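Have a look at the structure below before the remarks.
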There are 2 protein chains.
Amino acid sequence: MHEDRLRYAPLAEKVTSAENAARLIRDGMTIGMSGFTRAGEAKAVPMALAERARSEPIKITLITGASLGNDLDKTMAEAHLLSRRIPFQSDPALRRAINAGEVMFVDQHLSETVEMLRTRQLGPIDVAVIEAVAITEQGGIVPTTSVGNSASFAILAEKVIVEINLSQPVALEGLHDIYIPTHRPHREPIPVVAPQSRIGLPFIPVDPDKIAAIVFTQKLDSSSTVLPPDAETAAIAGHLTEFFLNEVKKGRLTNRLQPLQAGIGTIANAVLHGFIETPFHNLTMYSEVLQDSTFDLFDAGKLDFASGSSITLSADKYREVLPRLPHYKPRLILRPQEISNHPEVVRRLGIIGINTALEFDIYGNVNSTHVGGTHMMNGIGGSGDFARNGYMSVFVTKSIAKGGAISSVVPMVSHVDHNEHDVDVLVTEIGLADLRGLAPRERARAILANCVHPAYREPLADYHRRALARGGHTPHIIEEALSWHAALRATGRMPTAVSTEATG
Amino acid sequence: MHEDRLRYAPLAEKVTSAENAARLIRDGMTIGMSGFTRAGEAKAVPMALAERARSEPIKITLITGASLGNDLDKTMAEAHLLSRRIPFQSDPALRRAINAGEVMFVDQHLSETVEMLRTRQLGPIDVAVIEAVAITEQGGIVPTTSVGNSASFAILAEKVIVEINLSQPVALEGLHDIYIPTHRPHREPIPVVAPQSRIGLPFIPVDPDKIAAIVFTQKLDSSSTVLPPDAETAAIAGHLTEFFLNEVKKGRLTNRLQPLQAGIGTIANAVLHGFIETPFHNLTMYSEVLQDSTFDLFDAGKLDFASGSSITLSADKYREVLPRLPHYKPRLILRPQEISNHPEVVRRLGIIGINTALEFDIYGNVNSTHVGGTHMMNGIGGSGDFARNGYMSVFVTKSIAKGGAISSVVPMVSHVDHNEHDVDVLVTEIGLADLRGLAPRERARAILANCVHPAYREPLADYHRRALARGGHTPHIIEEALSWHAALRATGRMPTAVSTEATG
């Protein structure tokens, strides 16, 4: 049965149902599951486990690559299965449980989780549950549409459950490059010197004796929820293109730019998509998630190579790309997220990181995660790996939210994920602020002049003027610094000088 | 004249006075000067330049390794010579000028500055002024007690002024390891695989034709201002030792720990000094500045090797160490700060970073730089290079300041240099909070239970209780989050439940 997918004969006896496999997981365990940005997650076992949790007291610590698809985080959260969740999520139901203090969420830089597991600062992993295209002749696990933390989970776990997904095309095999850094204190350099560097194996090497159960599944990945480009995201892409063209003109960059990273989501995807209509060419990506725009850029002849940790596409793009996978394959690599986001490689390659801000302040500190300073959206993800260590760190956002009730530019951010040291360029649909080499007072001038929605420009400039009168390297009126967030909480809107209806 | 120090004969004609050399520097130029944590700075030319600035309108952008000694930053600031200062400083007079908005201070991660210069995102450097022990037979520059950014300054500058300091011992020669990463997009891995890895040259290679002036000087480095350990710093060291012993017991670390980095200053120095009385042995350091404690640990037989970017000692220690330099030399390397702080090497070696916080909040966000959220102290320095990328990130501080008027633990920090993702362990003299693998609500419990001064424990717990009632992943009362800083500003103290006189 499915010998093309399960090629190591002694493991045939481990084939079982999702329900049986899920019985290997017991209350209190730490479970490592595949899945990164709604791609390649184990699908059947977590569902069976959630079902069990409805009638049996069972709580687990769940560690993944990043977010899961197929409403898995929702289903597990609603079954009260999760006591702890690491290192990223993006599900509204789970988010509610996190913000209610029911699930302890540990929001980590995506490159860090397996370092902590390997040094036993986290874990140990009791059971790993990994989605696979196939198990090789040697018993190696071939991942599907993501690598994430799957390789280290499987290697470090006591037991491994493999979900062989028959709907995931076998053409995925050969796409993955599994490399695990050697142990400290004798770690050697990671030999990635270009996005196209192949340094590892096309499968996850595990002791086949650890594979305790194999489940066949059929369910597809969820498609991404990315929205198509709109006027504002097109304007953001336009400002950034103009900026890069100017960098080329000044001789700081070539038309090949530097390897690109783009965070997940509508705006970053739209920005990359915008590069189709530019003179840039022979681009490369060294990113986490490869979205629709990656394949748009391939098709437009703009992109030479893309390295990522997952492929997450919209429903339409999925239907388009999957049958043509062999066509794209020579130009694609999927790596462990530790390698896709590794500080060593990010600095060496000189990556341009483009990530989304929830809000930023007049000095260029960025909040990527906390609504109102308190409520978690998704998590910091890999943005911190790239923003701190890359060649240039760009953050993008629309200048207003909620129909103008919220300004994305505020006097002081209510939570800091990326401080001013890590933020080089800020872009909204209004314009772009190049903050490189500027002191905070100069950063404020650039941001106020370029990024703020007209409805909020005067109140923000007024705050800054009054703060300047108090002095300091980073002038603030400390009693008033978070008053915009307080007003939003109290009245449902931030303070505008004039009605946003009139100007926005 | 001084052929042992100036060994490349054609350069003899370039010997001149500091005043003459300083004439190479003109209004509006960007100058790169040697100097890192009060060690190895050029001394005569900046003084001559400051003197000139008193009678002539001249402003420069000054980029260094880090802070300068010999009141140079003070003298230059008071002469109104500096329009822009990058990337670190620690001088009260310069700090006043920065906080008054007279000097634009660009506070950078110390590993980043030369990356930005090399890619022309900063600069160009018009003139480099480098202190040297000697100029070699090939015209190479041998630095003195620091490397800092000197190598890249000299390589990138149009003209180089060398100050040969006859008071700096020739025994320093051979200590330095000058390595410059290759150009992107063809950068190779940096081959440092252990603190003792030698990968470069013992001198800065420059085209001798660029050396435009040579000045002989005599002035010594300033001694460090580090205070001796006291009861509180001893308690901090004690908590951290106990923690590490427990990590060893759990099998996560060996008695050799991991390579250690310690930030500049009294507390970090005292913590390292405290390792003398522990079972830890065969330790190594991979740090920025090597302070008194490095040599105390060598003398105690605890330390095998120390790699840094500078040596900065107290007056007594200086007198003790300098004559015995040949004794220590086989166990020392001084590197460019780009390499001592490089994300690639910091992650590869798995460094334990120990840095000082100005304040931290109940969720473990750290402010290292801004008094009251507005006024710059020194700068972020290298703490961000190590905290983001290392094996473990420890921040230390005393639990109160200003005789108890200020709590170092606050509801929300007034400025974020290190967010919760980068802060693993917090230590005050009260105790230690191990935050690894904890969600914000759990972090708050650990911090409240272990780190807070008794005088502030109840008001802080009260804030947290009331914040919890509002919910959220990171509960806050946004209107009140910065009220402790506002109270300090208004009344000169933060709110205690009981008098600090009674408890502190």
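Proteins get letters first, then strands, A, B, ... in listed order; numbering begins at 1 in each. Remember, it's a predicted structure, so these values are computed and weren't measured experimentally.
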Work out which heavy atom in [X] is nearest to a heavy atom in [Y]; give both atom names and the distance.
X       : Y       : result
V193(B) : R187(A) : CG1-O, 3.9 Å
I478(B) : S414(A) : CD1-CB, 4.1 Å
H473(A) : M376(B) : CD2-CE, 3.3 Å

Between [X] and chain A, with a heavy-atom cut-off of 4.5 Å, which part of the residue counts as in contact: side chain, backbone, both or neither?
X       : answer
R120(B) : both
S111(B) : both
Y363(B) : neither
D417(B) : both
Q258(B) : side chain
A481(B) : side chain

What residue, out of [options], has the most heavy-atom pairs lying under 4.5 Å from chain A?
options                            : answer
H418(B), E442(B), E115(B), R443(B) : E442(B)
P191(B), P181(B), G251(B)          : G251(B)
P189(B), A486(B), P475(B)          : P189(B)

What's the verdict on side chain to side chain contact (heavy atoms under 4.5 Å, CB included) for H415(A) and N419(B), showing C-alpha distance, side-chain angles and the deciding distance? CA-CA 9 Å; H415(A) 180 89; N419(B) 59 37; 5.6 Å; no
Report yes if some heavy atom in the side chain of [X] is under 4.5 Å from a heavy atom in the side chain of [Y]; otherwise report no.
X       : Y       : value
L482(A) : L482(B) : yes
V346(A) : P343(B) : no
N389(B) : N389(A) : yes

[X] side-chain N/O to [Y] backbone N/O, donor-acceptor pair under 3.5 Å:
X       : Y       : answer
R388(B) : G384(A) : yes
R84(A)  : G437(B) : yes
R348(A) : E344(B) : no

Partner chain B: residue of [options] with the largest heavy-atom pair count (under 4.5 Å):
options                            : result
E188(A), R470(A), Q108(A)          : R470(A)
M104(A), Q121(A), H375(A)          : Q121(A)
M392(A), H370(A), E247(A), E479(A) : H370(A)

To the nearest 0.5 Å, how far apart are [atom1] in [X] and [atom2] in [Y]?
X       : Y       : atom1 : atom2 : answer
D422(A) : H109(B) : CG    : NE2   : 3.5 Å
H421(A) : S383(B) : NE2   : OG    : 8.0 Å
Y391(A) : E112(B) : OH    : CD    : 12.5 Å

Chain B heavy atoms under 4.5 Å from L122(A): which part of the residue, side chain, backbone, both or neither?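 Just the side chain, heavy atoms under 4.5 Å.
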Would you mind checking which part of H476(A) comes under 4.5 Å of any heavy atom in chain B, side chain (CB onward), backbone (N, CA, C, O), both or neither?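 Interface part for H476(A): both.
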Donor-acceptor side-chain pairing of H342(B) and R347(A) below 3.5 angstrom: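 Short answer, no.
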